[in-house]
Structure formats: C-alpha cells, structure tokens
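Data block below; observations after.
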Amino acid sequence: MDKKKPVTNITSMLTETRVFPPAKEFSKQAHVKSMAEYKKLYNESIKSPEKFWGKQGKNELAWFKPFSKVMQWKAPNAKWFLGGKLNVSYNCLDKWLNTPTANKAALIWEGEPAAPGKVGEERTLTYKQLHHEVCLFANVLKRNGIKKGDRIIIYLPMVPEAAIAMLACSRVGAIHSVVFGGFSAQSVADRIQDCQAKMVITSDGGFRRGAVVPLKKNVDDALMIEDANNGLLAKTIERVVVLKRSGNEVQMHTGRDIWWHEEVSLVDAHCPAEKMDSEAPLFILYTSGSTGKPKGILHSTAGYLLGAKITTKYVFDIKDTDVYWCTADIGWVTGHSYVVYGPLANGATSLMYEGAPNWPEPDRFWRIVAKYGVTVLYTAPTAIRAFMKWGTEWPKKHDLSSLRLLGSVGEPINPEAWMWYHEFIGGKRCPIVDTWWQTETGNIMITPLPGVTPTKPGSATLPFFGILPEVVDDNGKPVPKGSGGKLVIRKPWPSMLRGIWGDPKRFVETYWSEVKGSYFTGDGVRQDKDGYFWIVGRIDDVLNVAGHRIGTAEVESALVSNPKVAEAAVVGRPDELKGQAMVVFVTLKTGVKASEQLKTELRNHVGKEIGAVAKPDDVRFAEALPKTRSGKIMRRLLKQIASGVDIKGDTTTLEDFSVLAKLTSDE
Ligand code: PRX
C-alpha cells in the first residue's frame, strides 16, 4: 500500500435529492421517536461520554461485579468498564431464564434443502432450549481441555450449532475465531497458525446451492499443510469436533477427532458461566487489509456486547414481537453482531437460514419472510441487486406485509437498488436503515434511526450515539461540507477493536498513524450540507466484492505462488451486481503460454489458496505490467484499463501496456 494516498480524487458524483421522512406511525412506536430526542442523546453521548456510556453499561448489561471506571483511553489503547465482571453467554441466555422470554424462540432456523415451491427443514430453539444446548456444549469444551483464553476455530455452515459453539466458547471464556465456510483449507491453516488455536469445530459438510461443501475434508487438509521448515503449519490443534449435518462420509482421526453428538451425550447441562473481565478477549475475526496477510481483529467482552446490544435495539427498533432476520453468514462480523450477540442480548427472535437466496428458486427469501412473518430484514446491496435482476415476480408471489423495517450493510447501496428495496420489498411503508460499519468497529457506526432520520437513498446518514466521525484531508484537517475526504473516527467507542492478534505494530500503522489520535477507517466519504455521510468506498488496496472485503495483496501473493506466474496485479472494476469485480493482470514466466485453460487454472488456484470468495472475475495476461520509474505497479492505470477497455476477440493475446506506461508520468 502506498502509505499516504492522496484523497483529492474523491468526489462523489451523486446528486441524490429524494428524501424519505419516517412515517408518523413508525416514529410513535419507535425506541427513539424524534430528531430532537436523537440530538439530545447524541450531544450528551459526545459531551459527556463517560456519563452516557456508564449509564448504558449499567442498565443494559448484567454484571457479576459492577465496573468501577467507565473508560481509560490512551490512543490507540482503550479499556472500557474497568473492574467489571460479566459473561456474554449469561447476558444472552441466563438473563432470560426466569422471565417470559425463556419460552420464546431465540433462534428460528431453516435448512437449505427444499423442493421447488416448498419450504425446508426447520428448527426452533427457545431461550431455555438454547441455554441447555450451550451449557452441554460448554461442558464438552471443558471435557476436552479447553480453558479460559484458549483459541477455538469455528468452521461451520449456518446451522444453530454455529451460534451454540460461539456462545459455549464465551461461556467458558475461550476466544472463538469463526472462519467463513467459503474459505479454503489453506486459509483455515493460516488462521489456526496465527492464533495458535487448540480446537476446530466443524461439520461433515454444509449445503450450498444443493451441493455439499466438504468442511471436514478441508480441515483434514488444513492440518496436513506444511510450513516453510517442513513442519506442520497448524500443529497446535488437539481436537476436532465434528457435527453431523450433510451426511457425507468423513475420515475420523482417532485421538484427535470427536463427534459432536457423541460428546454431548457424555456431559450434563450444568455449566455456570465463567466470570470474565470486561476487557477479556471475546473473539478474533480475520479480515483483509492492504497487505498480504489477513488481520486477526480482536474484540473484547463488555464493550463489544454493549455496542451490539444497543445498536440492535435502536437501529432495528427491536421489540418483543419482532421476528428479526439478518441474512449474513456468521463467518462475517455482521453475523456475529446481528445474528447472534445483538439479538440474543435483547431477548429477540433471530432467524437463521442455511443457504443461498436462489435455492431452489429465486423466491427463497420471500418464502421465508412470509412463512415466519419476518418483521425486520437486514441484508446486503449485492443481494438486493441480484433480486432486481431476477425480477419482481418473485417477491410478488409472497405476502411480505409482515415486514416493518429494512436494513442494508456491507457496501454503498446505489440509489436504484435502494428504491427497488423500498418499493418491492418494503411496500413503500418500511424505513430503510443503511448502516455503515466495519469488522473493526464491532457494531453499526453511521446509520439512520428508523423512527427519526429522514433517509436519502445511498446515504448512511448520521452517526450513532457516542460516535464522532469526521471527513479529513491528507493532512488530517477537516474538509468543508460537500468535499470528499477520508473517514476518521475522533473518539473511542466501547466496541472498537482492541488490536490485531499478535501484531501491535500493524495495529498502530493501519489504524492510528494516518491521522494522529484518530481511528482511520480506510474509507472515502463526503458529508452533505445536512451533515449526512455518503460513503464512497475504500481508498486503500482493498476490494469490496459482493460485500466481501478482499485484499488485493492477498490475491496477488496467491497468484505468484503459482509456478507459472511471474507477476500479478489485482484491481477492481465497477460491477453492476457485485459492486466491484476483481480483475487480475498477470505476466507469465518465460515459456508459459497464455490460454483459456490457464485462466481457469489460475482462478482455481486462488480458490484453493484463499477460498471461493476470492476467485477473480477476469484474468488478463500482460506482456509486462505498467510501472513507475521507481518500479511501483501503476494500479490506477490498470484500474482504468480494467473498467474502460473492452477486450474483444482473442482474449488470450498478451496485452502490452509498456506504451501506456511511458505516456503516464510517475504516480
Ligand atoms: O468500505 C466499507 C464497507 O465495508 C467495509 C467494511 O467491511 P467489513 O469489515 O467486511 O464489514 C462489513 C459489514 C459491516 C467498510 O470499510 N461498508 C460497510 N457498510 C457499508 C459500507 N460502505 C457503504 N455503506 C455501508 N452501509
């Protein structure tokens, strides 16, 4: 990454003028009812953060021992709710046991396999049942030697056991790291190695678009991968717990691998929650950055839980009667905060769906909404654009009148998709909350409040309580309203990341060096005359493909690990469906011929190294890559070429950029 990228080129072309104020009936019943109320609370949260957060922490969380100090802040290190003791799984489960919530659905789950026109397998777990399952599995962890602070990899499909495993880890004080099921064996091994995990929790397989993803086989492969010294990369693993889900055959390694269902039959369900320090690590979640190695983003107990809880409450206006559905996979931070921790900490009903939105037909989501009476739906722009493409006949087949609120996350939502979502899913009556945040921020940071904020299609609007975002230039100076700049956050907030696992230097360099004393988000942004934030996208070398963060350097290093590749450069180009598509420019080793076959081979190679999510959309072969005189690849030029030049005819002809390079001055 070029350290100081100029942001002067960030100009937002959007001139969206439509404004959608919340309906009076919605505001009347909302947790926050008016702009005046929002402003009062917001101003208090910024002027007296300790008072504001102290009150929230005390009222919203259940403590074994109350905290004695609200926060301690010396950039970049924050500590929140010092001296307090609590447990996340206690707050999500035990807290509800002697209340009417105990017998309410905590999780409603639907499996993927289903015949056309039919709904799939379903399971409902009440708070009481979920508590029981979590206690059993927590005892399985203990039985297998797991102690406070141990790291556990969770590599599961979207099944209730994924949430059970996360909650069981938090119950015994183990740190979970969920790895998305679309990542490869290599990625699993790298993550195990990075956090020195003792255990992997996986399943035989998971269903995805009718096929079975062989998760256990991937784990077996991961545990055989060698490091540079011919030792095993993932040698810290002592146990692999295997859940039976898809029924495919798996190899069980005696002494290492154990079945979930056998283990839970060996323990009882008595398992008091460990008393954890407020700042005890809760989870590590790996995400892409601008260098080759994914970053293990570290979140801690009290601050994270409080953030997840109150954003769920206020942004999704959660009520006891809601059936709330966040469609994200638990392998991403959205799944952590808004499928599991946020909803359960509020005693809400959270719906989980295992599979793809177009399996067996493109109306699966709408069938689910109608079947369960979903009231709040939170999904991603890339999904909305896919629904637009599939056509309005699919949502029109179903009764979507239970919906009262819609949400969007993961990338900027284009006004056209916003309007479609508003009209065809929300029936023009549901507010849309376009929520901006990141793995690092832990929870929603910039967002409308549904009963309060007049929304503008494409804008994430205003900051949440306690969040002080600002648009700054290259020197860290605030820019006038209307101009573009870098998005920074000026004040600490409870759910902020506590570091990058094992790499304090990179933590400081990535987030705290760009603008002194402030958290640097890596996003470009513009603020309009009403103070609304319009996120433009990443300004570092990170792509946002279908809402997934993918580091270009990571893909480049995967490509050059193929013996046929000499050099590679990865850039994004705008894509109607995915937001951004990934284009890779490759130069080949002498004697290697470009071919369609090689393109497929390279795409699969990246799939194997990182995972299917990172497979490039286009592979283009080049004679040489355009470089500056100092030898840096001219990415901006490649980006233009990737987005602007249509390749026709023989696409395997080597493209020669040397002339272009000569025409352009040093970047
Ligand atoms: O560029 C922003 C984009 O997604 C990035 C964070 O990605 P990740 O850590 O994977 O978390 C995704 C889910 C929170 C941000 O830096 N992004 C996320 N939400 C929005 C967004 N861009 C515009 N509008 C959003 N609502």
Side-chain angles (χ1 to χ4, degrees), residues 10 12 14 16 178 180 182-183 283-290 294-299 304 307-308 311-312 315 326-339 342 378-384 406-415 417-418 421 432-448 453 455-464 467 469 486-489 495-497 500 510-511 514 519-527 532-551 554 572 578-580 613-614:
I10 298 177
S12 176
L14 280 176
E16 179 59 57
V178 183
F180 174 58
F183 280 121
F283 67 83
I284 302 166
L285 187 57
Y286 286 87
T287 190
S288 295
S290 49
K295 301 174 280 194
I297 302 300
L298 179 66
H299 281 287
Y304 169 80
T311 48
T312 306
V315 178
C326 164
T327 68
D329 192 281
I330 51 131
W332 311 118
V333 73
T334 311
H336 285 55
S337 301
Y338 300 109
V339 176
Y378 188 31
T379 193
T382 185
I384 298 166
L406 303 175
S408 170
V409 62
E411 56 179 305
I413 179 166
N414 44 312
W418 196 102
Y421 198 29
I432 297 180
V433 287
D434 174 3
T435 62
W436 176 89
W437 59 296
Q438 310 178 294
T439 305
E440 293 86 341
T441 69
N443 61 227
I444 294 168
M445 304 284 280
I446 302 180
T447 177
T453 321
T455 49
K456 303 183 190 180
S459 171
T461 76
L462 300 170
F464 188 72
I467 307 304
K486 297 172 177 175
L487 178 61
V488 297
I489 313 291
S495 70
M496 65 200 287
L497 76 164
I500 296 176
T510 312
Y511 305 108
E514 194 81 18
Y519 169 80
F520 174 53
T521 63
D523 279 352
V525 69
R526 177 178 68 92
Q527 214 178 354
Y532 279 34
F533 290 88
W534 297 77
I535 310 292
V536 182
R538 303 290 307 182
I539 53 177
D540 55 15
D541 296 322
V542 175
L543 304 182
N544 192 329
V545 179
H548 298 153
R549 257 167 83 167
I550 299 170
E554 216 178 315
K578 297 173 157 189
Q580 271 189 305
V613 277

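Whatever order the structure lists them in is the order used to number ligands and atoms, beginning at 1. None of these values were measured; they are calculated from a predicted model.
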Taking the side chain as everything from C-beta on, heavy atoms only, tell me whether Phe464 gets closer than 4.5 Å to Thr435. no
Glu554: salt bridge (Lys or Arg N to Asp or Glu O under 4.0 Å) partners, not counting sequence neighbours: none
Can you label the angle between the Tyr338 ring and the Trp437 ring as parallel, tilted or perpendicular, going by 30° and 60°? perpendicular
Considering residues at least two apart in sequence or located in another chain, which fulfil the side-chain contact (heavy atoms from CB on, under 4.5 Å) criterion with Ala546? Thr382, Lys578
All ring pair (Phe, Tyr, Trp, His ring centres under 6.0 Å) counterparts of Tyr304, not counting sequence neighbours: Phe283, His299, Tyr341
Pair Asp523 + Lys486, salt bridge at N-O below 4.0 Å: no
Give one line per pair: atom of ligand 1, protein atom, distance. Only N/O to N/O under 3.5 Å.
from     : atom 1 : to     : atom 2 : distance (Å)
ligand 1 : 1 (O)  : Asp523 : OD1    : 2.9
ligand 1 : 1 (O)  : Asp523 : OD2    : 3.1
ligand 1 : 4 (O)  : Gly410 : O      : 3.2
ligand 1 : 9 (O)  : Thr439 : N      : 2.8
ligand 1 : 9 (O)  : Thr439 : OG1    : 2.6
ligand 1 : 9 (O)  : Arg549 : NH1    : 2.7
ligand 1 : 16 (O) : Gln438 : NE2    : 2.9
ligand 1 : 16 (O) : Asp523 : OD1    : 3.1
ligand 1 : 16 (O) : Asp523 : OD2    : 2.8
ligand 1 : 16 (O) : Arg538 : NH1    : 2.9
ligand 1 : 17 (N) : Gly410 : O      : 3.4
ligand 1 : 19 (N) : Gly410 : N      : 3.1
ligand 1 : 22 (N) : Pro412 : N      : 3.4
ligand 1 : 24 (N) : Glu411 : O      : 3.3
ligand 1 : 26 (N) : Asp434 : OD1    : 2.7
ligand 1 : 26 (N) : Thr435 : O      : 2.7

